[in-house]
Amino acid sequence: MTPFGRQPVTAGLLAAHALAESTTQVQACDKWALLRDLTAARKSFNLSDRDLVVLAALLSCHPGTHLADDTALIVFPSNATLSNRAHGMPESTLRRHLATLVQSGLILRRDSPNGKRYARRGASGQIDRAFGFDLRPLALRAADITVRAEEERKAAYELRCKREAVVISLRDLSKLIVWGIERITTDWASLQQACSDLQRCLRRKLDMSQLQHLEKGIRLLTAKIDALIAPIKADETSNMSASVSHFERHHQSSKKDDLESEEGNEVEQRSLQAIPLGLVLKATPSICDYAPDAIRTWENLVEAAYIVRPMLGITLDAWQRACRIMGPERAAVTMACILQRHGTILRPGGYLRSLTDKAAGKGFSPGPMVMALLRCDNHREV
């Protein structure tokens, strides 16, 4: 039990020995899958990536792919062999990482009288006694390692999702400031500086609590900006609704008889094809920010609209109904227009359902919305 040389007996060593000598049956486990789990959970065991390189070298000296009681769990490679399998790690560094693995309770030293690692064979030729590193503690802790690995993976996934949400919120916030600067004459310098400070925080690697604190700062700044632009949002919402109603009344009043009605429906079906995709993207540039790749085809626009849908709070049912009634391309153009004016539309989901209902009665086409957005952009440029 006692280690060779000057290494003293410690409480951790006694605990590792007790675990290795326990009568608990080792459940056979894939040693490489276990190493992957330990890699994910290495922080819980205070291990570094170099410690895991040495452990991988030890596992490579174990015959077979599974650790079980019916296999030889004591490996006895020389330092030269381990150094070679650890990509040329110096022996002094190797000894330090082996000591860390022992202290963590994942492996156990089985030292010979002279401290050398070797195996002694019996009369039958089978290994009777081996002196080296015992992997039984690692195998016995396989279930605990797997649980901790799942916890670490879940935490990493939640952290990644939280960071994505913060990035999107900051992007929306910066564009909201630009939108407000174009419409309201006030001191935006302090708000722009506050937004820049929040964006600089993302250059660092933040943990969950730091991201939550950053998210709180984004919400507070967004609330201040919303209070400033609320009157303008209300005015533009009413103006947009009036513009859409005007186009709808004009379209419906042109249907004087059945022949004209059929012609009007045919024109409406061709209206989207008459608008080039480039013109739609010029009127609704915000949709390009959410496309995985550049929008070059109508199919790309439909994919981007599907990604935008949950961000606008539009249900999958509302989107599928719009695609069924309008057609995927017209529904995507409508979604792009809603996104472009999302700051002035209080309930995007309800607005899309309303437009879908009108499209079902042949009383809506996204063409006028695109042209209205283009006129607004042209007016601002002038």
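Along the sequence shown, residues carry numbers from 1.
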(message) Salt bridge check, Asp317 against Arg353: does any charged N sit closer than 4.0 Å to a carboxylate O?
(response)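 Result for this pair is yes, salt bridge flagged.
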
(message) Less than 4.0 angstrom from a charged side-chain N to a carboxylate O is my criterion; do Glu215 and Lys162 meet it?
(response)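 Salt bridge present between Glu215 and Lys162.
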
Output the distance between atom [atom1] ([X]) and atom [atom2] ([Y]), rounded to the nearest 0.5 Å.
X: Leu214; Y: Ile218; atom1: CG; atom2: CD1; value: 4.5 Å
X: Ile177; Y: Ile225; atom1: CD1; atom2: CD1; value: 3.5 Å
X: Asp226; Y: Arg219; atom1: CG; atom2: CZ; value: 13.0 Å
X: Met89; Y: Asn79; atom1: CE; atom2: CG; value: 11.5 Å
X: His66; Y: Asp30; atom1: NE2; atom2: CG; value: 4.5 Å
X: Arg96; Y: Leu94; atom1: CZ; atom2: CG; value: 10.0 Å

Quick check: does any side chain N or O of [X] sit under 3.5 Å from a backbone N or O of [Y], one acting as donor and the other as acceptor?
X: Ser354; Y: Gly350; result: no
X: Arg309; Y: Ile314; result: yes
X: Glu158; Y: Ala155; result: no
X: Lys31; Y: Gly64; result: yes
X: Thr315; Y: Ala318; result: yes
X: Gln340; Y: Ser286; result: yes
X: Lys43; Y: Glu152; result: no
X: His213; Y: Gln210; result: no
X: Arg136; Y: Leu73; result: no
X: Arg117; Y: Pro77; result: yes

(message) Between Thr284 and Leu339, is the side-chain contact (heavy atoms from CB on, under 4.5 Å) condition met? List the steps.
(response) CA-CA 8 Å; Thr284 61; Leu339 173 66; over 6 Å; no

Is the closest side-chain heavy-atom distance between [X] and [Y] below 4.5 Å?
X: Trp319; Y: Tyr306; result: yes
X: Val370; Y: Leu373; result: no
X: Leu312; Y: Tyr351; result: no
X: Leu277; Y: Asn300; result: no
X: Phe133; Y: Leu101; result: no
X: Val302; Y: Pro328; result: yes
X: Phe364; Y: Met326; result: yes
X: Leu220; Y: Lys224; result: no

Provide the closest heavy-atom pair for [X] versus [Y] in the form atom of the first, atom of the second, distance.
X: Leu221; Y: Cys195; answer: CD2-N, 3.8 Å
X: Pro137; Y: Gly105; answer: CB-O, 3.4 Å
X: Ile325; Y: Ala359; answer: CG2-C, 4.0 Å
X: Cys288; Y: Ile295; answer: CA-CD1, 4.2 Å
X: Ala149; Y: Ala40; answer: CB-CB, 4.1 Å
X: Leu206; Y: Cys201; answer: CD1-O, 3.7 Å

(request) With side-chain contact (heavy atoms from CB on, under 4.5 Å) as the test, would you mind laying out the steps for Ile338 and Thr334 before giving the verdict? (result) CA-CA 6 Å; Ile338 292 175; Thr334 304; 4.1 Å; yes

List the atom pairs, donor and acceptor, that lie under 3.5 Å between side-chain atoms in residues 49-61 and the rest of the protein, sequence neighbours left out.
{"from": "Asp51", "atom 1": "OD1", "to": "His97", "atom 2": "ND1", "distance (Å)": "2.5"}
{"from": "Asp51", "atom 1": "OD2", "to": "Ser48", "atom 2": "N", "distance (Å)": "2.9"}
{"from": "Asp51", "atom 1": "OD2", "to": "Ser48", "atom 2": "OG", "distance (Å)": "3.1"}
{"from": "Ser60", "atom 1": "OG", "to": "Ala57", "atom 2": "O", "distance (Å)": "2.5"}
{"from": "Ser60", "atom 1": "OG", "to": "Arg85", "atom 2": "NH1", "distance (Å)": "3.1"}

(request) Evaluate the criterion side chain to side chain donor-acceptor pair (under 3.5 Å) for residue pair Ser83 and Glu91; output intermediate values, then yes/no. (result) CA-CA 6 Å; Ser83 177; Glu91 289 193 13; 5.9 Å; no

(request) Would you sort out whether Ile181 and Gln192 count as a side-chain contact (heavy atoms from CB on, under 4.5 Å), showing the intermediate values? (result) CA-CA 10 Å; Ile181 291 173; Gln192 285 182 306; 3.3 Å; yes

(request) Tell me yes or no: between the side chains of Asp172 and Ser169, is some donor less than 3.5 Å from an acceptor? (result)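 No pair is found: no donor N or O on one side chain lies under 3.5 Å from an acceptor on the other.
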
(request) Quick one: do Ile145 and Leu138 satisfy side-chain contact (heavy atoms from CB on, under 4.5 Å)? Show the steps, please. (result) CA-CA 9 Å; Ile145 292 171; Leu138 176 66; 3.8 Å; yes

Check the hydrophobic clustering (I, L, V, M, F, W, Y; side-chain heavy atoms under 4.5 Å; chains of links allowed) and say if [X] and [Y] are grouped together.
X: Met335; Y: Leu316; value: yes
X: Ile168; Y: Ile287; value: yes
X: Leu67; Y: Val147; value: no

(message) Does Arg160 qualify as a cation-pi partner of Tyr157, given the criterion of NZ or CZ under 6.0 Å from the six-membered ring centre and within 45 degrees of its axis?
(response)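 Pair Arg160/Tyr157 does not count as cation-pi.
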
(request) Tell me, please, whether Phe45 has Arg148 positioned over its six-membered ring: NZ or CZ under 6.0 Å from the ring centre and within 45 degrees of its axis? (result)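 Arg148 over Phe45 ring: yes.
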
(message) Counting neighbours of CZ on Arg171 that are heavy atoms of other residues, nucleotides or ligands and sit closer than 6.0 Å, is the number greater than 12?
(response)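 More than 12 within 6.0 Å, yes.
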
(request) Identify, with sequence neighbours excluded, every residue that meets side-chain hydrogen bond (donor to acceptor under 3.5 Å, both in side chains) alongside Glu150. (result)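 Arg153.
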
(request) Report the residues that fulfil salt bridge (charged side-chain N to carboxylate O under 4.0 Å, His left out) with Asp357, sequence neighbours left out, ordered by chain and then residue number. (result)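 Counting only residues at least two positions away or on another chain, Asp357 forms a salt bridge (charged side-chain N to carboxylate O under 4.0 Å, His left out) with Arg321.
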
